[in-house]
Amino acid sequence: MSHHTFFQSMSRPANLVELLARAEGLAGWSLRELAEHLGVAVPENLRRDKGWIGQLLELALGASAGSKPEQDFPELGVELKTIPIDRQGKPLETTFISVAPLMGISGLRWEDSNVCNKLSCVLWIPILGERSIAPGERMIGQPLLWRPSAQEATLLRQDWEEIMELISLGQIQTINARLGQVLQLRPKAANSKALTQAIGPNGDIIMTLPRGFYLKIDFTRALLAQHFML
DNA sequence: GATTGATCATGC
DNA sequence: GCATGATCAATC
């Protein structure tokens, strides 16, 4: 895809085929090349711009902006995720999925959860480049449109149900990132002073750090490996 | 080197 | 504070 046609197609993708074609057209570009053609400044590091790569790809692919708890392409049923990988194809970070609800969760089913919704169909965009490589020099990899296999869906559901049961039983303080086979619960907050309500051990209300669901590295590594190395 | 808890920017 | 986008960095 030439740069000219890229700019002509900067609108929202009309369908899945168009979205995939755009994503594939970005493979091989450096983030600097993409940023320059979008008129976006390139940070020297990501310390103060942790979401820069994700936002750059959102802009390039025409994802809906905003802070709604929805998929990036609701009309296509697709969630967009950039994932940093090393030269072996191994993810360098866990993958944030969504904030965990801590109150009013009785009766919440997996099928109706944000985690299930967002993971039902993900467009993965691998970003090749370790921390020692400046953001602008990192490379965009081949995209992968993924839907969980039956086995993957079972693992995700089991972890989600186990974690949510503990939360509903007032045991959130006992949960750490080691719980879960493929999904983990960790703090997701502005800082350690940002607090939100949760259910306490005695069924009372306590203040605690907001938490988020993250995919563990081994899970995303296997997911990428199955597609790219079989 | 991998992991887990902490943190950064932004809009509303 | 909560939602989006995540990575940082102290500790194991």
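Hydrogens, waters and symmetry mates play no part in the numbers below; they use all other heavy atoms, side chains included. Chain identifiers are assigned alphabetically (A, B, ...) following the order of the sequence lines, protein sequences preceding nucleic acid strands; residue numbering begins at 1 within each chain.
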Colleague: Give the rounded distance in Å between these two atoms: NZ of A:Lys193 and P of B:dA6.
Modeller: 11 Å
Colleague: Looking across every strand, which nucleic acid part, if any, lies under 4.0 Å from A:Gly51 by heavy atom: base, sugar-phosphate, or nothing?
Modeller: base
Colleague: Rounded to whole Å, please give me the gap between CG in A:Asp86 and P in B:dG1.
Modeller: 12 Å
Colleague: Out of B:dA2, B:dC8, B:dA6, which nucleotide sits closest to the side chain of A:Lys90?
Modeller: B:dA2
Colleague: Check A:Glu130 with A:Arg138, please: is the shortest side-chain N to carboxylate O separation under 4.0 Å?
Modeller: no
Colleague: Between A:Leu179 and A:Lys188, just flag the one whose closest nucleotide in DNA chain B comes earlier from the 5' side.
Modeller: A:Leu179
Colleague: Under 4.0 angstrom, heavy atoms only, what part of the nucleic acid is A:Glu79 near: base, sugar-phosphate, or nothing?
Modeller: sugar-phosphate
Colleague: Quick one: how far along DNA chain C does chain A reach, first to last nucleotide 5' to 3', anything under 4.0 Å to a heavy atom?
Modeller: C:dG1 to C:dA9
Colleague: Please determine whether a side-chain nitrogen of the Lys or Arg among A:Glu24 and A:Arg22 lies less than 4.0 Å from a carboxylate oxygen of the Asp or Glu.
Modeller: no
Colleague: Distance check needed: B:dT4 C1' versus A:Arg211 CZ, whole Å only.
Modeller: 12 Å
Colleague: Using a strict 4.0 Å threshold on nitrogen-to-oxygen distance, state whether A:Glu161 and A:Arg109 make a salt bridge.
Modeller: no
Colleague: Starting at atom CG of A:Asn176, determine the distance to atom C1' of B:dG5, rounded to an integer number of angstrom.
Modeller: 10 Å
Colleague: With a non-hydrogen cut-off below 4.0 angstrom, is A:Lys81 in contact with a base, only sugar-phosphate, or nothing?
Modeller: sugar-phosphate
Colleague: Does A:Glu70 or A:Arg131 map to a spot on DNA chain C nearer the 5' end, using the closest nucleotide for each?
Modeller: A:Glu70
Colleague: Between A:Asp86 and A:Gly89, is there a donor-acceptor pair closer than 3.5 Å when you use the side chain of the first and the backbone of the second?
Modeller: yes
Colleague: Respond yes when some side-chain nitrogen or oxygen of A:Arg47 is under 4.0 Å from OP1 or OP2 of B:dC8, and no when none is.
Modeller: no
Colleague: Base, sugar-phosphate or nothing for A:Lys68? Non-hydrogen atoms, less than 4.0 Å.
Modeller: sugar-phosphate
Colleague: Please tell me which of A:Arg178 and A:Ala189 maps to the more 5' nucleotide of DNA chain B, matching each residue to the nucleotide holding its nearest heavy atom.
Modeller: A:Arg178
Colleague: For B:dT7 and A:Ser192 - does any side-chain N or O of the residue sit under 4.0 Å from the phosphate oxygens OP1/OP2?
Modeller: yes
Colleague: To the nearest 0.5 Å, tell me how far A:Lys216 NZ sits from A:Arg186 CZ.
Modeller: 10.0 Å
Colleague: Take the protein atom CD1 of A:Ile175 and the nucleotide atom P of B:dT3, then report the distance between them rounded to whole Å.
Modeller: 20 Å
Colleague: How many whole angstroms separate atom OH of A:Tyr214 from atom P of B:dA6?
Modeller: 11 Å
Colleague: Calculate the interatomic distance between A:Leu209 atom CG and B:dT7 atom C1'; express it in whole Å.
Modeller: 11 Å
Colleague: Have a look at A:Thr94 and say if it touches a base, only the backbone sugar-phosphate, or nothing, with a 4.0 Å heavy-atom cut-off.
Modeller: base
Colleague: Do other residues, nucleotides or ligands put more than 12 heavy atoms under 6.0 Å from the CD atom of A:Glu75?
Modeller: yes
Colleague: Salt bridge or not for A:Glu152 and A:Arg147, using N-O below 4.0 Å?
Modeller: no
Colleague: Let me know the distance between CZ of A:Phe219 and C1' of B:dT3, rounded to the nearest Å.
Modeller: 19 Å
Colleague: Just wondering, more than 12 heavy atoms not from A:Gln151 lying within 6.0 Å of its CD?
Modeller: no
Colleague: May I ask you to say what A:Leu92 touches in the nucleic acid, namely base, sugar-phosphate or nothing, with a heavy-atom cut-off under 4.0 Å?
Modeller: nothing
